Every structure is written in C-alpha cells, then in structure tokens.
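Residue numbers run from 1 in the order of the sequence given. Since the structure is predicted, the reported quantities are computational estimates derived from the model, not experimental observations.
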Amino acid sequence: MDLISDHPVLLLFLVIGIGSAVGRLRIRGVGLGPAAVLFAGLAASGLEPELVLSEDVMELGLVLFTYTVGLATGPAFVAGLRGNGLRSLAVVAIATGAAAIVAAGAGAVLDLGSVEVAGLFAGSTTNTPALGAVLDATGPDGSGAAITYAIAYPAGVLVALLAASAALRTGPGPEPDDDIVAWAVLVTRERMPLGLLPSDVSFGRCIRSGTSEVATPDTVVLQGDVVTVVGPANRVAAVVEALGEHVQKGAVALDRSTVDFRRITVSDPDVVGRRLSELDLAGRFGATATRVRRSDVDMVARPDMVLEAGDRVRVVAPVAELHAVSALFGDSETQLTDIDFVALSAGLVAGVLFGLITFPGGLRLGAGGGALLAGLALGAAGRLGPVSFSIGHQVSTGLRHLGTVVFLAAVGTRSGEAFAASAFTVEGAKVVAASIAVVATAMLVLRWTVGRVAHLEGPAASGAVAGLQTQPAVLAFADTSSDHSPQVPLGYTALYPAAMVAKIVLAQLLVRL
C-alpha cells in the first residue's frame, strides 16, 4: 500500500485496469462499462485512505472527455437548434427539468445538502460531466456529490434499461427516412435536367448508349438513359417516379473503363472542416460525391455537408481523375492517427478559460462545462481559417474513453472512505430510493413527450431513452434488443448533445439552491 500511495501513476492505472476488467462483465448483456472504474477507485480508497489521486488528475480527465464529446456532437447540436430539432431540445428541457425538481424535493425530504442533491441528480441521470462540473465548482467541499453520485448511478442505469425495454414494446416505429439506397433508373421522359429533381438525393453516373459519364445536377438525361440515384429510400422512389422506372441490379451492364467509383478516406487537414461544395469536384475533376460514410452510418453527400476526419466519401469520377481526387482528400489511414496538438491545445485552453468566467448569479461552468461548450462550438465550425479542429473518429473515441476513465478513477479515490461509511446504511438506501424517483420521473416525462412532441416511437424512442440518460450501456441494450435497428442511433443523437449541456447547467443550479 505504501508503494502504491507513493506512486500516483501506478495507482491510476491499477484502478483503471481493475475497473475496466470489472466493467467488461455482462449480466444478460448489460454491464457497468467505464463506470466500474469509479467503483474500483471507491474500493481502493475505502480500503486504504492514503490511496488518493490529485484534483489535477481529475480535471485533466474531465476536460479531455467533455471537449471530445463536444467536438463529436457539435454539428448535431447546432443542427438541433434549427427547424424540427427544436422539438428535441424541448423534450430534453422538460424531462431534465422535471428530474432536477424531483432531486431537489428528495433532497429536502432527506435533509441533503445542495452539493449532495447535485450529485444525486448527476448520478440518477448517469452524467459524468455534470458531476465534474459540480466538483469543479465546489472544490474540496464536493466529496458529498461524488458519494451520492456513486450510490445513485446503478439505479439510474437500471431504471433507464427498463424504460428502453418498455419503449421497444410500443411498436416498430416508422420506416427510417435515412435508410440509404442506390437504384438504377431507366429514363422514360424525353428530357429532364437532374438539377430540377429533389436536392436531398445525389446522382452517380449516367449510362447512355452503353457509355458511362458522371451525372451532375447540370446533366440533362434523355429517354433510354440509365442514371443511378442515391438517397433515402422514400426520396429515391419519388425520383424514380419522376424519371421513369426502377432497373434491377444486373440488368444493366456496368462499364468501368471510362467512369469508376471508389470510397476515399478524408484525412488531409486542408479538406477537413470544409463543405463539399468548396472542393468543386465537378469543376476540377468532372467528378461527383454520392454518399459519405461516417461512424458506420451512410449519408447522402450534399453540397453543404462539412467533412470530418475519417469520413469515407463515395466518389464517381473519370478513371483518369480518380488518383487526383484521392490525393485531394488524402486517403490515408495513417494520417488519421495524427493529432494536431496546436488545434487540440487551443480548443482546450479556450474551454478552460471560458469555464473560469463567473456569470450573473454566481453560475460558473467550470473546466468541464467550458471545455464542452468550446468543443460544441468548434465541432460545429469545423475549422477557423487554416486550423481544423476535427479529430478522426477512432482517435476522438480513444481520447474520450481515456478522459472518462482517468476522471472516474480520480473521483473514486477521492471519495472512497466517505462512500464506505455511508453507502450501506439506511441513509444510503434512502438515496437509492430518491434516485429511482428522479430517473423514473425523467423517463415518464420522456415517454409522454417523445410521442407528442418529437414524434419518436419504438426503437427511436428507446434510443431517445439512452440519449436522455447519456448512457452508452442503455444504447447498447437498445441496439441489441432492436436487432440493430437504424432508428436507435437516430433517437440517441437527437437528444444526447442537448441532454449533456442541460445536465451540466442544472447540476450547477442545484448546487446553489
């Protein structure tokens, strides 16, 4: 014990390693995941009070986690501020607000301090950054928040799992609009400019008299041409109706001698963060992009789409130009593992400084909240001048997971002694009961609002449960239980970014009650 307590790095990775091993254990497909690292830290310092990691280690893990979450979710969050996305924001505001009210009421009944109430809220909603914001705002006086967080967390996961399971039983939900398909269409119209057709589809090639050419919005198709259309199944069906008739695969000979297609990886920093329209593929190479695959999800390649590192773009181009198009995008898996530490450091510095600002009423986001907002803003912007803030998906995920386990390990070791003294007592049982009330309220409000406000059902509603809880374990359960329905991640991403921000703000407001 003396050896471990004298070497914090040894303690850190022992806690992370043991906790991660426990987190891999599954009961009916459900496990604690990274949260097990928190309990490993609690156990370590509960057994030996000298095994404590510093506050600096905790803050480092927190800002890494929240900043990379912000970068990844920034575009979706900003998109949610427009149009129908406001419905999702309304759902999050109502559900998390109701949970915060119940947490405050439970705290009054149980005679908990405001710090403990904030920890109860963060644990019940299984949100690590919210806990980080509370600890950052309270400093050494925030250990009570970590204790109630740890006690409440398992109940938050369990109730959310039950809610996700109940949502799946409400029905299969509507067919997803973004089930991307590629159809060949035999044109039966005399003349039709492709630019007059819906802009939410893309065109790949036009086959005329056995010869292939790249199809662009400027292309005018003639009767007898065969054109490939890519987009959501329902939108492609509408284009087929406007042009002619669907041709089954194999019915048309595919000539790749003059025009070919390829998936190209976006890795060049000069391209990352730019819109597809800025690249002028048609003007420079006579090429077109039909779809983009990002994080295992296919999307239609639209002119206003901002490219991210790691995107795989399906490009249709003259054979002679494919090499030049590949060079433009970079097409390097090795390059994706490089981190622009200038951009990363600039974003983190901006986030930490923003977190130090005290707003009217004494509200301060803290390093974690500031880093999250900086990540959201820079993730949505993509780049500022020559600097791209986008990070490859694999690297971003790795940094996010590293930040999570470092933060949880530090929090656990700093709260273990107090947790051991209170968790298995009558007071601890009351906190568990309060946690069930908090998360059950959030789930009931969510169930009422997702159908009436956001119009989500079945797998999409189940994904929304995971998004509101910001809980990967619930997402994995919903995904597996729905046979990997594409609606699950849609529901998750619709609520996740707004829920993350709302919980950080509400947790800090609860501290000030």
Which pair of non-hydrogen atoms, one from [X] and one from [Y], has the smallest distance, and what is that distance?
X      : Y      : value
Ala130 : Ala122 : CB-CB, 3.9 Å
Ser435 : Ala152 : OG-O, 3.0 Å
Ala145 : Leu135 : CB-CD2, 4.3 Å
Ala99  : Val438 : O-CG1, 3.6 Å
Leu64  : Gly403 : CB-CA, 4.0 Å
Thr449 : Val91  : OG1-CG1, 3.5 Å

Nearest 0.5 angstrom please: [X] [atom1] to [Y] [atom2], how far?
X      : Y      : atom1 : atom2 : answer
Leu378 : Tyr67  : CG    : OH    : 5.0 Å
Leu373 : Phe354 : CG    : CZ    : 5.5 Å
Ile504 : Leu509 : CD1   : CG    : 12.0 Å
Leu408 : Phe39  : CG    : CZ    : 9.5 Å
Gln469 : Ser124 : CD    : OG    : 8.5 Å
Met1   : Asp6   : CE    : CG    : 13.0 Å

Examine distances only and state if a side-chain atom of [X] and a backbone atom of [Y] form a donor-acceptor pair shorter than 3.5 Å.
X      : Y      : result
Ser20  : Gly17  : no
Ser267 : Asp331 : yes
Thr441 : Ala437 : yes
Thr68  : Phe65  : yes
Ser462 : Ala164 : yes
Lys430 : Leu110 : no

Is there a side-chain contact between [X] and [Y] (heavy atoms, below 4.5 Å)?
X      : Y      : answer
Asp340 : Leu344 : no
Val406 : Ile16  : yes
Leu3   : His7   : yes
Ser114 : Leu510 : no
Phe13  : Val9   : yes
Ser345 : Leu348 : no
Ser326 : Arg262 : yes
Met443 : Val465 : yes

Exercise. Could you check Val313 against Val266 for side chain to side chain contact (heavy atoms under 4.5 Å, CB included), going step by step and ending with a plain yes or no?
Key: CA-CA 7 Å; Val313 183; Val266 176; 3.7 Å; yes
Practice problem: Run the numbers on Val134 and Phe121 for side chain to side chain contact (heavy atoms under 4.5 Å, CB included), then give the verdict. | Solution: CA-CA 11 Å; Val134 172; Phe121 171 76; over 6 Å; no
Quiz item: Which is it for Met500 and Asn127 under the side chain to side chain contact (heavy atoms under 4.5 Å, CB included) test, yes or no, and what are the steps along the way?
Solution: CA-CA 7 Å; Met500 185 71 72; Asn127 191 263; 3.3 Å; yes
Quiz prompt | Within 6.0 Å of CZ in Arg263, more than 12 heavy atoms from elsewhere | solution =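 Yes, because the 6.0 Å sphere around CZ of Arg263 holds more than 12 heavy atoms from other groups.
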Quiz item: Can you list the steps and then say if Val300 with Arg291 is a side chain to side chain contact (heavy atoms under 4.5 Å, CB included)?
Solution: CA-CA 4 Å; Val300 176; Arg291 69 180 87 180; 5.9 Å; no
